Student: 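This structure is in structure tokens; I'll ask about it shortly.
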2 protein chains.
Amino acid sequence: MARGTPVADLTRSIYLLWGHHPKPGRSGLTVPAIVEAGTELADAHGLAAVSMRKVAEHLGVGAMSLYGYVPGKEDLTALMTDAAYGELYDDVTAPTEAGNWREAMRFVARRNWELYERHPWLLEVRSPRPDLGPGVVGKYEAELRPLDGIGLSDVEMDSVLALILGHVADSARTHAQHVRENTGMTDVEWWDTVSPVLDQVMRGENLPVSGRVGATVGTEFQAATDPEHNFTFGLEVILDGVQARLD
Amino acid sequence: MARGTPVADLTRSIYLLWGHHPKPGRSGLTVPAIVEAGTELADAHGLAAVSMRKVAEHLGVGAMSLYGYVPGKEDLTALMTDAAYGELYDDVTAPTEAGNWREAMRFVARRNWELYERHPWLLEVRSPRPDLGPGVVGKYEAELRPLDGIGLSDVEMDSVLALILGHVADSARTHAQHVRENTGMTDVEWWDTVSPVLDQVMRGENLPVSGRVGATVGTEFQAATDPEHNFTFGLEVILDGVQARLD
DNA sequence: CGGCTTACCGTACAGCGTACGTCACACCGT
DNA sequence: ACGGTGTGACGTACGCTGTACGGTAAGCCG
């Protein structure tokens, strides 16, 4: 699928996101099937494992056949991303129904956290612009609603949501890197290896505070850090900060 | 340079980070020179542009010669990362001297923000474990000190710092994607293209809150979002939240 | 049944990280 | 001064990537 002018490409991409895709041909290929295949691969082996060849193979089809349905890898990733975010809430009112704004934001944060656990590759997606598909747009509406009418300006609503979602993504990112034991060794093994070498090599460094804090954190969590603790702690700090702004 | 057991590799990587590298051979190559070349390339063209071939070419040397000094690309990236974070503070006391803990944290956040502006590729680095080199360790000590003795537990100190740094990274990430006009079109061009298509395609969607907020934000910032505003706003919210915890 | 449209895909190219094996340089012992 | 040798440097090659191009063949219509 040849690339054209930037404007034409962009328009095509948006139409694609919003469900304008070609009917299945004689191989039975469809855009949703391609997206699903890509998502399965990404869930299982990370975003780097999603190559056009692998996706095609997974569908029993030649690599180049995909280009009849999807302009390229970038658009495939955008489709996967939007689909993943789209599965977050059954209904646009779900967060609102969780309770007051604080409980709603906890609900939102927890849901996003779980989404990143299910689809860690979402944290690797690096899109130059937001992928404004139906999933993302619906998510934004659902998450913004509980913040409406509690005393924040429109801009503040957007900023608060961005702050919370950013915090979730950041914690989840650390968590995902943390959990990935497949790539090498477990946390404990890693620390057991690193620790003595560090002790030797850092001899003579003057680190009174970080030395103490690092030791405490290590003892507390049996690891260099505990992303899940940081997630819940940070969330409450943020919510307290928002509350302070409301008063 | 052949890879060995995980433990040996890890040990070697840490020694490398802490300055244990081979003396220059007959080509005059050194590890710092390689790291510098990689950093220059990354600053100019992003992390993806840092290939072993390009770095070698930049140094007037064959690609494989680098492997005599650096085990592979992963370690090169780790070295670059640690060096970049190491240039953040002239002295370990710099943040502390900025004033009380709030001012110190604003100083820390701003410095990190500027670092990410200077080296946007830092936001693309995806390391399985923290790269515990001298730069990163010194940074941790410097940033932790202003939080010492203000009424937080050790674990809370670590969590608060992680929260703030995560927020900076997240804002800077959005900012960096935002600024990258080179890859295609400017913000305004993009929105002018996307907006009418979205209007058409979203006809019939029920988006009362996000529609209003999106419009307000767009008018306010002449863009879909303003990362710098989100950065300072979010930071103050977080600081307020921490203050609430201190009371 | 013939012919045309078009979906499909085999091949190819430029790029990547890096394993392997060779070459020539610099140094050292005599 | 010279020969041998250890090793730093690197050319080549492999398997992988995204995707442009052009040929093949399948399905449909007259």
Side-chain angles (χ1 to χ4, degrees), chain A residues 1-5 8-9 12-13 16 21-31 33-34 37-38 41-42 45-80 121 124-128 183, chain B residues 1-5 8-9 12-13 16 21-31 33-34 37-38 41-42 45-80 121 124-128 183:
Chain A
M1 188 59 49
R3 300 250 112 191
T5 68
D9 288 349
R12 186 201 210 287
S13 299
L16 193 57
H21 28 70
K23 297 282 160 214
R26 53 179 189 265
S27 70
L29 263 191
T30 62
V31 168
I34 295 173
L41 281 173
H45 307 107
L47 197 61
V50 181
S51 74
M52 299 304 269
R53 280 170 176 80
K54 295 255 187 66
V55 171
E57 193 181 350
H58 199 266
L59 289 164
V61 128
M64 292 314 291
S65 306
L66 303 181
Y67 287 88
Y69 297 85
V70 162
K73 198 192 179 177
E74 213 165 303
D75 292 74
L76 173 54
T77 310
L79 283 162
M80 288 166 54
W121 52 270
E124 299 175 49
V125 174
R126 203 157 277 291
S127 188
T183 318
Chain B
M1 186 61 51
R3 301 249 115 192
T5 68
D9 288 348
R12 186 204 210 285
S13 298
L16 192 57
H21 26 70
K23 297 284 161 211
R26 51 181 190 264
S27 71
L29 263 191
T30 63
V31 168
I34 295 173
L41 281 173
H45 307 108
L47 198 62
V50 181
S51 72
M52 299 303 270
R53 281 170 175 81
K54 295 257 188 65
V55 172
E57 193 179 352
H58 199 266
L59 289 164
V61 130
M64 294 312 291
S65 304
L66 303 181
Y67 287 88
Y69 296 85
V70 161
K73 198 193 178 177
E74 211 166 304
D75 291 74
L76 173 54
T77 309
L79 283 162
M80 288 165 55
W121 52 269
E124 300 174 47
V125 173
R126 201 157 279 289
S127 189
T183 318

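Quick note: numbers below take in every heavy atom, side chains included, and nothing from hydrogens, waters or symmetry partners. Per chain, numbering begins at 1; letters A, B, ... match sequence-line order. Bear in mind that the values here come from a model prediction, so they are computed numbers and not experimental data.
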Student: For a 4.5 angstrom cut-off between non-hydrogen side-chain atoms, does A:L66 reach A:L59?
Tutor: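 Heavy-atom side-chain distance check passes, below 4.5 Å.
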Student: What closest approach, in Å, do A:E124 and A:A48 show between heavy atoms, and which atom pair accounts for it?
Tutor: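 For A:E124 and A:A48, the tightest heavy-atom pair comes out as OE1-N, 4.3 Å.
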Student: Roughly how many Å is it from CG in A:D75 to C1' in D:dT19, rounded to a whole number?
Tutor: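 Value for this atom pair: 13 Å.
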Student: Between A:G68 and A:P22, what is the shortest heavy-atom contact and its length?
Tutor: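 For A:G68 versus A:P22, the nearest heavy atoms are O-CG, 3.9 Å.
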Student: Considering all heavy atoms of both residues, which atom of B:R126 and which atom of A:R126 are nearest to each other, and what is their separation?
Tutor: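 Reported closest heavy-atom pair: NH2-NH2, 3.9 Å.
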Student: Using whole Å, report how far OH of A:Y69 lies from P of D:dT19.
Tutor: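 Taking OH of A:Y69 and P of D:dT19, I get 18 Å after rounding.
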Student: Which parts of nucleotides 10-17 of chain D does protein reach within less than 4.0 Å, heavy atoms only, written one letter per nucleotide 5' to 3' as B for base, S for sugar-phosphate only and - for none?
Tutor: BB-B---B
Student: Distance check needed: C:dC9 C1' versus A:I34 CD1, whole Å only.
Tutor: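 The distance from CD1 of A:I34 to C1' of C:dC9 comes to 14 Å, rounded to the nearest Å.
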Student: Would you kindly give the CG-to-P distance between B:L66 and D:dG8, to the nearest whole Å?
Tutor: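 My rounded result for the distance is 14 Å.
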Student: Starting at the 5' end of nucleotides 24-30 of chain D, put B wherever the base has a protein heavy atom under 4.0 Å, S where only the sugar-phosphate does, and a dash everywhere else.
Tutor: --SS---
Student: Which heavy atom in A:Y69 sits nearest to a heavy atom in A:P24, and how many Å separate them?
Tutor: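 Here A:Y69 and A:P24 meet closest at OH-C, 3.9 Å.
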Student: Of the non-hydrogen atoms in A:L41 and A:A49, which two are nearest, and what is the gap between them?
Tutor: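 It is CD1-O, 4.5 Å.
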Student: Looking only at heavy atoms, which two atoms of A:M80 and A:W121 are closest? And how far apart?
Tutor: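 Scanning both residues, the minimum pair turns out to be O-CH2, 3.6 Å.
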Student: Provide, to the nearest angstrom, the distance between the OH atom belonging to A:Y67 and the P atom belonging to C:dG10.
Tutor: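 Distance, rounded to whole Å: 15 Å.
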Student: Please list, chain by chain and in numerical order, all residues satisfying side-chain contact (heavy atoms from CB on, under 4.5 Å) with B:R53, sequence neighbours excluded.
Tutor: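 side-chain contact (heavy atoms from CB on, under 4.5 Å) check on B:R53 returns B:S51, B:A63.
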Student: Tell me: CD of B:E57 to P of C:dG17, nearest whole Å?
Tutor: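 Nearest whole value for this atom pair: 13 Å.
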Student: With side chains defined as the heavy atoms from C-beta onward, is the minimum distance between A:D9 and A:P71 less than 4.5 Å?
Tutor: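 SC-SC contact between A:D9 and A:P71 ruled out.
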Student: Between P on D:dG18 and CG on A:L47, what's the gap in Å once rounded to a whole number?
Tutor: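 Rounded to whole Å, this separation is 10 Å.
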Student: Please report the distance, rounded to the nearest Å, between NE2 in B:H45 and P in C:dC16.
Tutor: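 Spelled out: NE2 on B:H45 to P on C:dC16 is 13 Å.
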